[in-house]
Amino acid sequence: MHSFENDYSEGAHPLLLRALIESNETQQKGYGSDEYCAAARGKIRAETGMPQADVEFLVGGTQTNQVVISSLLQPFEGVISVTSGHIAVHEAGAIEATGHKVIEVPHENGKLSAAFLARYLRDFYAEQIYDHCVQPGMVYITYPTEYGTLYSKKELSDLYAVCKKYSLPLYIDGARLGYGLEAEGTDVTMRDIVRLCDVLCIGGTKMGALAGEAVVFCGMKKPRGFLTSVKQRGALLAKGRLLGVQFDALFTDGLYYKIGKEANLKARRIMSALTEKGYKPYLTSPTNQQFVVVSNEQCAEWEKHMRVCRFQILNENELVVRFVTDWSTTDRDVDELIRLF
């Protein structure tokens, strides 16, 4: 049956695949200097309302985070992230491998609190020996978070204000950005996002692309030698057109948002069915990721019929299972899943 384990098990959305096929036999310049990347940059600039923004395309999420963070930090600096942040948990120490520390702080359902960040930075600089410590050099958050939760516009504004006060760039990892922007009840738009951070990653891999992420420098200029850093870290494609074609298609006729909206609707159907059958949600997520608390026995039973994402162990008897929808999830897939509950 269809897998709800993650949102990158399939290939490309049919419209992206069609665009790749139609562009296949054209000859283009390499390394992102082709006409498709130029068109995609133009559409992203128009979508964000930032005609002068620097936009670059990289091959994947981990490489993107590694390149962006390492290019913005001084050798003695680290990056602040909540303990559940992707760079702190699921990127195999990619940031630390560049010589920079991930400074882990507590989270609230995946989110970094502006009040906590303000206290943390105040107390850090109040210490007489802070010069002997790794210096906070930037702040990293994800939108949506690893728990599928969202920051409100006020929460982002407050967080960005703290970053500005301490001259720390705010980097938003939007690997699942489209699902967040199309979530029910959100008051955040694409144009809000770019006004409230310095660097934004617009996810492609988890939003219907074969591969690729778009980096937008919105509150700052692109660092000197950024493209060289991209190549040095192995994140630059010679056939950069592969990414340009896909992002051009994603930002044509609102496809990026349509993918997010449809996946969110199907995810909510799954959670509604789970709660109706007496399962306990781990938390409330309005996005394509849904989390439910189950017994070890129930999880093992599900695993007889499908691949299961064992997201978090709670205790000896219970764990959190995650269900994820994407562009390829159909109503029939959801119906078949619900029958297993």
Side-chain angles (χ1 to χ4, degrees), residues 28-34 36-38 40-42 44-45 48 50 52-81 85-104 134-143 163 166-175 177 193-194 197-206 209-247:
Q28 296 287 321
K29 294 180 180 179
Y31 302 104
S33 58
D34 59 277
Y36 299 109
C37 284
R41 288 187 181 99
I44 289 173
R45 287 169 180 146
T48 59
M50 292 196 164
Q52 305 304 318
D54 290 312
V55 181
E56 297 291 349
F57 300 106
L58 284 74
V59 296
T62 298
Q63 297 94 327
T64 297
N65 289 337
Q66 187 186 61
V67 173
V68 170
I69 291 169
S70 63
S71 68
L72 293 181
L73 294 179
Q74 294 293 319
F76 51 85
E77 292 178 329
V79 53
I80 294 175
S81 166
H86 209 265
I87 61 171
V89 182
H90 293 127
E91 294 192 346
I95 306 306
E96 290 89 343
T98 67
H100 298 287
K101 182 177 182 178
V102 176
I103 303 169
E104 296 186 34
V134 174
Q135 305 288 302
M138 64 185 294
V139 175
Y140 165 94
I141 63 172
T142 58
Y143 185 94
C163 292
Y166 287 92
S167 299
L168 299 176
L170 176 60
Y171 169 42
I172 297 181
D173 177 352
L177 182 63
I193 285 278
V194 296
C197 71
D198 296 290
V199 191
L200 171 68
C201 167
I202 299 177
T205 304
K206 296 174 180 175
L210 279 175
E213 319 295 310
V215 175
V216 183
F217 290 91
C218 28
M220 63 186 299
K221 296 297 292 180
K222 179 173 64 177
R224 179 176 175 269
F226 183 76
L227 190 63
T228 307
S229 296
V230 175
K231 182 157 191 174
Q232 189 180 64
R233 299 291 182 193
L236 184 65
L237 278 179
K239 295 184 181 180
R241 58 188 286 162
L242 171 67
L243 307 182
V245 168
Q246 294 182 92
F247 273 94

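This is a predicted model, so every value here is computed, not measured. FYI, side chains are in, hydrogens and waters are out, and symmetry mates aren't considered; it's all heavy atoms of this structure.
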Seminar exercise, completed: Gly32 and Cys37 have their tightest heavy-atom pair at O-CB, 3.4 Å
For this session: Could you tell me which residues satisfy ring-ring contact (aromatic ring centres under 6.0 Å, His included) with Tyr143, sequence neighbours excluded, listed by chain and number?
Result: none
For this session: Sorted by first residue and then second, give each side-chain hydrogen bond (donor to acceptor under 3.5 Å, both in side chains) pair with at least one member in residues 236-246; sequence neighbours left out.
Result: Thr26-Arg241
Exercise. Heavy-atom distance under 4.5 Å between the side chains of Glu56 and Val67, does that happen here?
Worked result: no
Seminar exercise, completed: Minimal heavy-atom distance between Val139 and Val79, with the atoms involved, is C-CG2, 4.4 Å
Problem set entry | Asp54: salt bridge (Lys or Arg N to Asp or Glu O under 4.0 Å) partners, not counting sequence neighbours | Lys221
For this session: With the side chain counted from C-beta on, respond yes when Ile44 and Phe247 share a heavy-atom pair under 4.5 Å apart, and no when they do not.
Result: yes
Exercise. Hey, mind stepping through Leu177 and Leu200 against side chain to side chain contact (heavy atoms under 4.5 Å, CB included) and telling me if it holds?
Worked result: CA-CA 10 Å; Leu177 182 63; Leu200 171 68; 4.2 Å; yes
Seminar exercise, completed: CG (Leu236) and CG (Leu243) are apart, to the nearest 0.5 Å, by 9.0 Å
Exercise. Ile69 versus Thr98: any side-chain heavy-atom pair under 4.5 Å?
Worked result: no
Exercise. Going from CD1 on Ile87 to CD on Glu96, what distance comes out if it is rounded to the nearest 0.5 angstrom?
Worked result: 8.0 Å
Exercise. Where do Cys218 and Met50 come nearest, in terms of heavy atoms and distance?
Worked result: CB-SD, 3.4 Å
Problem set entry | Contacts of type salt bridge (Lys or Arg N to Asp or Glu O under 4.0 Å), residue Arg45, not counting sequence neighbours | none
Seminar exercise, completed: Taken to the nearest 0.5 Å, the spacing of Leu73 CG from Gln135 CD works out to 11.5 Å
Problem set entry | Heavy atoms of other groups near Lys222 NZ, more than 12 under 6.0 Å | yes
Exercise. Would you say Phe226 has more than 12 foreign heavy atoms packed within less than 6.0 Å of its CZ?
Worked result: yes
For this session: For residues Asn65 and Ile95, report the shortest heavy-atom separation together with the two atoms involved.
Result: O-CD1, 3.8 Å
Problem set entry | Expected output: side-chain Glu213 to main-chain Cys201 donor-acceptor under 3.5 Å | no
For this session: Grab the two heavy atoms, one from Phe57 and one from Ala40, that are nearest each other, plus how far apart they are.
Result: CZ-CB, 3.6 Å
Seminar exercise, completed: For Lys29, the salt bridge (Lys or Arg N to Asp or Glu O under 4.0 Å) test, sequence neighbours excluded, returns none
Exercise. What closest approach, in Å, do Met220 and Asp198 show between heavy atoms, and which atom pair accounts for it?
Worked result: CG-O, 3.7 Å
Problem set entry | Ser167 OG to Met138 CE distance, which is reported to the nearest 0.5 Å | 14.0 Å
Exercise. CG/Leu168 to CD1/Ile80 distance, rounded to the nearest 0.5 angstrom?
Worked result: 6.0 Å
Exercise. Can you tell me how far CD of Glu77 sits from CD1 of Ile103, rounded to the nearest 0.5 angstrom?
Worked result: 9.0 Å
Exercise. Of all residues at least two apart in sequence or in a different chain, which pass the salt bridge (Lys or Arg N to Asp or Glu O under 4.0 Å) check with Lys231?
Worked result: none
Exercise. Thr205 side chain to Gly212 main-chain N or O, any donor-acceptor pair under 3.5 Å?
Worked result: yes
